[in-house]
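Hydrogens, waters and symmetry mates are skipped; everything else that's a heavy atom, side chains included, is used.
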Amino acid sequence: MKKIISFSFITILAAVLLFIYYGSGLHVEVPAEKESTLTLEQKITRGKAVAYEGDCLACHTTEGGADYIGGLEFETPFGPLYSTNITQDKQYGIGNYSREDFYHAVKYGYSKNSGNLYPAMPYTSYRKLSDEDMDALWAYMKTINGIPVKNIDNNIIFPANIRFTLGAWNQVFFDDTDFKEDVSKSDQWNEGKYLVEASGHCGECHTPRNLAYAMKTEQALEGQVLEGWNAVSITPEALKKNGWTLSSLTDFFETGNSDQGATFGGMKLVIQESLSHLTPAQRLAMSVYLLDMKPGEIDASLTPPRVYLSAQQKSDKGYNTYAAYCSGCHGADGLGKPNAVVALNKNSVFKDDSAFNAIAVVLRGLPKQQESLVKGSVAMTSFTDSISDKDVANLVNFANTTWGNKTSSEITASEVKEVREQLNEDGYLNHMGVKVHN
């Protein structure tokens, strides 16, 4: 009997280990490089464009550091992760990588240097990249000079710190399929889908995750709270409901500013280091896909006239709070100041179903944004030390009904208190909302 039990245990253990191993990505056979009509120079140029589309620079560069040396921190439920050095340095970077090693890391989450990668590295989306774009990206990455900067050790809790077990995660949650076009849609729509789902990996931030940190694919692009901000829903229904149009969304991808508001948090880096570098046609394709526009459909939105607040609106108790804290910059009617202060009268933050960002921006403030010598916005002060939960609730309720076109808004002081406590616990309630590390 003992021999039978021992044999059964060994058999089960072997099966489990094989299950995990075959989920690692190491065993995947990389397709042979296809003959290309592009010259090496053209391939490198395309590869640099793919790197911008994939936001590689923003994730693999820490503030004040050289390009691609890593060190940027990512907060996860299992502890902090740090991006790695992906320069051509042979000791700390990827200077010893082959084309096959590069494929295994980017598309299948297996690093020659460290083993299985955590899904904070969006290989779950990069799996959809075409082989042509992968080869172009590899050609470009080989031009990045090696910089000998040591990688920062992750601080992941047990048992998540055992990288080998991530093979099991891949077996359960990793969608190992190629990108598929929708033949019923236009070429422009499908180009946008590729940019959003594959290289742009928008779902990695805008899709809720389960307890195992896997994206809930059945809720794709429906939004989640991330790093003290709500990465809002960007489904076609949500975007249209919040007033986004083809022109405003496309402009937002280029500058980070629109009638619906200005970008903040991690999205600011996405605009600066990725979307602003795309071609106008690519940004338009993304908008067509996200808004699910049909061929020939015309964006008929017109610039609304300046709308001033009525005497009745100004009699709202929330307006008194607005006048005290906000009107000095945003104006008595919320119209803002061009290229200096964001307008509030069409701001999508007040149209969203969640009031999280409306509350958070009052408490956290926003840093200065400067896109060019003539475009940008001044910094917004953090009011966390000077405004009560009740006043924030009154202010948000006023803004939601006045500028969010909501028939009613019932945000309570206790809801504001919950958001304030969450932001404070996570270390975001200091000047400009920069994360505090204890």
Q: Just so I know, are the side chains of L363 and L429 near enough to count as touching, which here means a heavy-atom distance under 4.5 Å?
A: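 Heavy-atom side-chain distance check passes, below 4.5 Å.
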Q: Rounded to the nearest 0.5 Å, what's the gap from OH on Y97 to OG on S111? Could you check?
A: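 So the gap between those two atoms works out to 3.0 Å.
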Q: Donor-acceptor pair, distance only, cut-off 3.5 Å: does the side chain of S83 make one with the backbone of G71?
A: yes
Q: Contact between L38 and E132 at the side-chain level, heavy atoms closer than 4.5 Å - yes or no?
A: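 Sidechains of E132 and L38: no contact.
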Q: For D187, does the CG atom sit with more than 12 other heavy atoms under 6.0 Å from it, leaving out its own atoms?
A: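 It does not: D187 CG has 12 such atoms or fewer within range.
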Q: So with a 6.0 Å cut-off around NZ of K417, is the heavy-atom count from everything else above 12?
A: no
Q: Go through it in stages, so that I can follow the logic: the residues are D389 and R420, the test is salt bridge (charged side-chain N to carboxylate O under 4.0 Å, His left out), and I'd like the CA-CA distance, side-chain angles, deciding distance and then a yes or no.
A: CA-CA 8 Å; D389 295 334; R420 189 194 293 267; 2.8 Å; yes
Q: Flag yes if more than 12 heavy atoms outside K150 fall under 6.0 Å of its NZ atom; otherwise flag no.
A: no
Q: Minimum heavy-atom separation for N400 to F350, with atom names?
A: OD1-O, 3.2 Å
Q: Closer than 3.5 angstrom, by distance alone: can the side chain of S276 be matched with the main-chain N or O of E254 as a donor-acceptor pair?
A: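 Not a single qualifying donor-acceptor pair exists.
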Q: Within the 3.5 Å criterion, strictly below it, is a donor on Q42 or T45 matched to an acceptor on the partner's side chain?
A: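 No, T45 and Q42 have no side-chain donor paired with an acceptor closer than 3.5 Å.
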Q: Should L423 and F356 count as side-chain neighbours, where that means a heavy-atom distance under 4.5 Å?
A: yes
Q: If only atom types and distance count, is the side chain of N85 paired as donor or acceptor with the main-chain N or O of G70 below 3.5 Å?
A: no
Q: Given side chains that start at C-beta, do those of C59 and F74 come closer than 4.5 Å, heavy atoms only?
A: yes
Q: Can you tell me if R209 uses its side chain to pair, donor with acceptor, with the backbone of E204 under 3.5 Å?
A: yes
Q: Please tell me whether D352 and N242 have a donor and an acceptor in their side chains that are separated by less than 3.5 angstrom.
A: yes
Q: Could you tell me whether F398 and W403 have their ring centroids closer than 6.0 angstrom?
A: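 Yes, they do, as the ring centres are separated by less than 6.0 Å.
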Q: So does K314 have more than 12 non-hydrogen atoms from other groups sitting under 6.0 Å from NZ?
A: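 Counting neighbours around NZ of K314, more than 12 heavy atoms of other residues, nucleotides or ligands fall under 6.0 Å, so yes.
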Q: CD1/I147 to CD/Q88 distance, rounded to the nearest 0.5 angstrom?
A: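 Between atom CD1 of I147 and atom CD of Q88 there are 11.0 Å.
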Q: Taking the side chain as every heavy atom from C-beta outward, state whether L246 and V288 have any pair of such atoms under 4.5 Å apart.
A: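 The answer is yes, as the side chains (C-beta and beyond) meet within the 4.5 Å cut-off.
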Q: Taking the side chain as every heavy atom from C-beta outward, state whether T84 and M121 have any atom pair closer than 4.5 Å.
A: no
Q: Ignoring hydrogens and angles, tell me if any N or O in the side chain of H330 forms a donor-acceptor pair with the backbone of V342 under 3.5 Å.
A: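 Confirmed, H330 side chain pairs with V342 backbone.
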Q: Taking all atoms of both residues into account, what is the closest heavy-atom pair of S199 and Y126, and its distance?
A: O-CE2, 3.6 Å
Q: Mind running salt bridge (charged side-chain N to carboxylate O under 4.0 Å, His left out) on R127 and E197 for me, showing each step along the way?
A: CA-CA 10 Å; R127 173 64 184 85; E197 290 188 357; over 6 Å; no
Q: Testing the basics here: between V396 and A355, what is the closest heavy-atom pair and its distance to 0.1 Å?
A: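 Shortest heavy-atom separation between V396 and A355 comes out as CG1-CB, 4.4 Å.
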Q: Using atom types as modelled and distance alone, determine if a side-chain donor or acceptor of Y325 lies under 3.5 Å from a backbone N or O of V392.
A: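 Not at all, since once roles are kept as given, no pair shorter than 3.5 Å links the two residues.
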Q: We want to know whether S382 and T384 form a side-chain donor-acceptor pair, criterion being a heavy-atom distance below 3.5 angstrom.
A: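 Their side chains do not contain a donor-acceptor pair, so the 3.5 Å distance test is not met.
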Q: Mind running side chain to side chain contact (heavy atoms under 4.5 Å, CB included) on D131 and K107 for me, showing each step along the way?
A: CA-CA 10 Å; D131 291 342; K107 296 191 75 167; 3.5 Å; yes
Q: Could you tell me whether the side chain of L221 reaches within less than 4.5 Å of the side chain of L290, counting heavy atoms only?
A: yes
Q: At what distance, to the nearest 0.5 angstrom, does CG of L117 lie from OH of Y108?
A: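 Here the rounded value is 14.0 Å.
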Q: Once you round to the nearest 0.5 Å, how far does NE2 of H60 lie from CE of M141?
A: 7.5 Å
Q: On a heavy-atom basis, which atom in Q272 and which in H277 lie closest, and how many Å separate them?
A: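 Looks like O-NE2, 3.1 Å.
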Q: Output yes when a side-chain donor or acceptor of N116 lies under 3.5 Å from a complementary backbone atom of R163, and no otherwise.
A: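 Side chain of N116 to backbone of R163, a donor-acceptor pair under 3.5 Å: yes, one is there.
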Q: Rounded to the nearest 0.5 Å, what's the gap from CG on D391 to CZ on F383? Could you check?
A: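 The CZ atom of F383 is 12.0 Å from CG of D391, to the nearest 0.5 Å.
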Q: To the nearest 0.5 Å, what is the distance between CG (N113) and CD1 (I94)?
A: 8.5 Å
Q: Test side chain to side chain contact (heavy atoms under 4.5 Å, CB included) on Y68 and C56; report intermediate values, then the result.
A: CA-CA 8 Å; Y68 297 115; C56 303; 4.0 Å; yes
Q: With no hydrogens and no angle check, is any side-chain donor or acceptor of K193 less than 3.5 Å from a backbone partner on K180?
A: yes
Q: Check for me whether K185 meets the cation-pi criterion with Y289, that is, NZ or CZ under 6.0 Å from the six-membered ring centre and within 45 degrees of the ring axis.
A: no
Q: Specify the closest pair of heavy atoms between I271 and G256, including all atoms of both residues, with the distance to one decimal.
A: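 Scanning both residues completely, I find the closest heavy atoms to be CG2-N, 3.7 Å.
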Q: Charged N to carboxylate O below 4.0 Å: is that the case for D175 and K128?
A: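 A salt bridge is present here (some side-chain N lies under 4.0 Å from a carboxylate O).
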Q: Restricting to non-hydrogen atoms, name the atom on N190 and the atom on F179 that form the minimum distance, rounded to 0.1 Å.
A: O-CZ, 3.8 Å
Q: Kindly say whether G228 contributes a backbone atom to a donor-acceptor pair with the side chain of D426 at under 3.5 angstrom?
A: no
Q: Check whether any side-chain heavy atom of M134 sits under 4.5 Å from a side-chain heavy atom of F102, and report yes or no.
A: yes
Q: Yes or no on side chain to side chain contact (heavy atoms under 4.5 Å, CB included) for E73 and I152, after CA distance, side-chain angles and deciding distance?
A: CA-CA 9 Å; E73 181 182 347; I152 301 174; over 6 Å; no
Q: Test L72 against Y82 for side chain to side chain contact (heavy atoms under 4.5 Å, CB included), laying out the working first.
A: CA-CA 5 Å; L72 187 67; Y82 298 89; over 6 Å; no
Q: For the backbone of A58 and the side chain of T61, can you confirm whether one donor and one acceptor N or O come within less than 3.5 Å of each other?
A: no
Q: For E218, is the CD atom crowded, meaning more than 12 foreign heavy atoms sit under 6.0 Å from it?
A: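 Enclosed: over 12 neighbouring heavy atoms sit under 6.0 Å from CD of E218.
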Q: If you measure only the distance, is there a donor-acceptor pair under 3.5 Å linking the side chains of Y110 and N170?
A: no
Q: In terms of side-chain heavy atoms, does D89 have a donor or acceptor partner in T87 at a distance below 3.5 Å?
A: no
Q: Ring centres of F174 and Y123 under 6.0 Å apart?
A: yes
Q: Just checking, is any N or O donor in the side chain of T402 or Q313 under 3.5 Å from an acceptor N or O on the other one?
A: no
Q: Per the side-chain contact (heavy atoms from CB on, under 4.5 Å) rule, which among I234, T207, L195 passes with C202?
A: I234
Q: Between the side chains of T250 and S287, is a donor N or O closer than 3.5 angstrom to an acceptor N or O?
A: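 There is such a pair between these side chains.
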